[in-house]
Amino acid sequence: MAEVVVMTEFKDFALTEDDERKYFAPKTWFFWRGIIICFCLFSLVGHWLEIPYCMFMDWAFGVVEDDYDVWTDPLWVPYWVYGVGTAVITLTLFPLKIHIMEQRKTMVGAIIQYFVIAVAACAVLELVLGLIFNQPDATGKYPFWDNSVLPFNIFGQAWLVNDVILGLVSVFYVFVAFPFIQKAFSVIKPRTAHHLFIFVLIFTAFICVLTYVVPLIPDLYDFLT
């Protein structure tokens, strides 16, 4: 009997098509708690995923500098841009996914349509930001990134290869990661969910101390003595 109970509990975590629609509830603490958890988790996971991403991009296109931070930063260092990215995606593209699912007859069709829109959105955003903030100087040097020599670049600013990868990551996040985290927190006991949330906050504070406070200790000690 115990084994049956365990199997039933595992099945409770499986995502259904209904789960893909029901977790966008901005007026609830449950929704914002999920965003905070994803912000904390993916700030760290994003750092980890950037390592194989940069390894592939450097191997395929040679576009990653040898002194890029991802090669030297300890694995516990959070990359906040990915946490912010998950929050923005949840607030903007998650409701878009729900709208697409309501229009499409199949999940596969919804995923394909969402992916195409996500890639286009990434390309437009990258292009607009580039045209505003990444204009080359008189010598032709770009201040932040230079995609002009890469294949599949868009006006020298956006890069379709990068946009496709970001689109795939966005698909995984809105169709799997965020709904699964929300489903998991809805299945477990409220007290357990509260404790897990507190643990995520404490762990995030801990890695912030490791990242920003500990490196300052020798300088602080020298200043005080």
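- Considering every non-hydrogen atom in both Arg33 and His194, the closest pair reads NH1-N, 4.5 Å.
- Note: Phe206 and Phe203 have tilted aromatic rings, judged against thresholds of 30 and 60 degrees for the angle between ring planes.
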### Query
Passes side-chain hydrogen bond (donor to acceptor under 3.5 Å, both in side chains), Tyr79 versus Asp73? Steps please.
CA-CA 10 Å; Tyr79 282 14; Asp73 281 338; 2.7 Å; yes

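- Evaluation of the salt bridge (Lys or Arg N to Asp or Glu O under 4.0 Å) test over residues 172-192, restricted to residues two or more places apart or in two chains, returns Asp19-Lys183.
- The two residues Asp58 and Val64 have their closest heavy-atom pair at OD1-O, 3.2 Å.
- The hydrophobic cluster containing Tyr142, built from Ile/Leu/Val/Met/Phe/Trp/Tyr side-chain heavy atoms closer than 4.5 Å, comprises no other residue.
- Using a 4.5 Å heavy-atom cutoff, the side chains of Leu196 and Val200 are not in contact.
- Side-chain contact of Asp18 with Thr16: a donor-acceptor pair under 3.5 Å is absent, judged by distance alone.
- Looking at Arg104 and Gln113, their side chains come closer than 4.5 Å, going by heavy atoms from C-beta outward.
- With a 4.5 Å cut-off on side-chain heavy atoms, Ile98 and Glu102 count as touching.
- Within a 6.0 Å sphere centred on CD of Glu65, other residues, nucleotides and ligands contribute 12 heavy atoms or fewer.
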### Task
Any chance you could lay out the ring pair (Phe, Tyr, Trp, His ring centres under 6.0 Å) test for Phe31 and Tyr23, step after step, and finish with the verdict?
CA-CA 7 Å; Phe31 174 77; Tyr23 291 121; 9.8 Å; no

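- With values rounded to the nearest 0.5 angstrom, Ile181 atom CD1 is found 7.0 Å from Ile37 atom CD1.
- Counting heavy atoms from C-beta on, the side chains of Asn134 and Leu129 never come closer than 4.5 Å.
- Within the 3.5 Å criterion, the main-chain N or O of Ile154 finds no donor-acceptor partner in the side chain of Trp159.
- In this structure, the side chains of Phe94 and Pro179 come closer than 4.5 Å at one or more pairs of heavy atoms.
- The distance from atom CG of Leu49 to atom CZ of Phe42, rounded to the nearest 0.5 Å, is 8.5 Å.
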### Task
Could you give me the CA-CA distance, side-chain angles and deciding distance for Val209 and Val214, then say whether side-chain contact (heavy atoms from CB on, under 4.5 Å) is met?
CA-CA 6 Å; Val209 170; Val214 171; 4.3 Å; yes

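- A 4.5 Å side-chain heavy-atom check between Thr90 and Tyr173 finds at least one atom pair inside the cut-off.
- By the 6.0 Å contact criterion, OH on Tyr212 is enclosed, its count of non-hydrogen atoms from other residues, nucleotides or ligands being greater than 12.
- Checked against side chain to side chain contact (heavy atoms under 4.5 Å, CB included), Phe39 has the following partners two or more places apart in sequence or in another chain: Ser43, Trp80, Val84.
- Of all non-hydrogen atoms in Cys54 and Val70, the two that sit nearest each other are SG-CG1, 3.9 Å.
- Separation of atoms CG (Leu93) and CD1 (Ile100) is listed at 9.0 Å; rounding is to 0.5 Å.
- Ile117 CD1 to Ile112 CD1: the interatomic distance, rounded to the nearest 0.5 Å, is 12.5 Å.
- No donor-acceptor pair under 3.5 Å is formed between the side chain of His47 and the backbone N or O of Pro78.
- In this structure, Trp48 and Leu75 approach most closely via the heavy-atom pair NE1-O, 2.8 Å.
- Under the side chain to side chain contact (heavy atoms under 4.5 Å, CB included) criterion, Thr139 pairs with Asp137, Lys141, sequence neighbours left out.
- Between atom CG of residue Leu160 and atom CG of residue Leu150 there is a gap of 11.5 Å, rounded to the nearest 0.5 Å.
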### Message
Apply side-chain contact (heavy atoms from CB on, under 4.5 Å) to residues Met101 and Glu17 and explain how you reach the verdict.
### Response
CA-CA 9 Å; Met101 289 186 64; Glu17 190 167 334; 3.7 Å; yes

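- Within the 3.5 Å criterion, the main-chain N or O of Ile51 finds no donor-acceptor partner in the side chain of Trp71.
- Ile35 places none of its side-chain heavy atoms less than 4.5 Å from the side chain of Thr86.
- The two residues Trp145 and Glu126 make their nearest non-hydrogen contact at CZ2-O, 3.9 Å.
- By the ring-ring contact (aromatic ring centres under 6.0 Å, His included) test, Phe197 pairs with Trp29, sequence neighbours left out.
- Put simply, the side chain of Ser170 reaches to within 4.5 Å of the side chain of Tyr114, judged on heavy atoms.
- Smallest separation of non-hydrogen atoms from Ile207 and Leu44: CD1-CD1, 4.2 Å.
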### Task
Go through the steps for Phe61 and Val161 under the test side-chain contact (heavy atoms from CB on, under 4.5 Å), then give the verdict.
CA-CA 10 Å; Phe61 302 99; Val161 174; 4.1 Å; yes

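- Counting only N and O atoms by type, the side chains of Asn147 and Gln157 include no donor and acceptor under 3.5 Å apart.
- With sequence neighbours left out, Tyr82 forms a ring-ring contact (aromatic ring centres under 6.0 Å, His included) with no residue at all.
- One hydrophobic cluster holds both Leu96 and Phe172 under the rule that ILVMFWY side chains link at heavy-atom gaps under 4.5 Å.
- Side-chain atoms of Gln182 come within 3.5 Å of backbone N or O of Phe30 as a donor-acceptor pair.
- For Met107, the CE atom is densely surrounded, since the number of other residues' heavy atoms within 6.0 Å is greater than 12.
- Taken from CG in Asn153 to CG in Leu127, the straight-line distance is 10.0 Å, to the nearest 0.5 Å.
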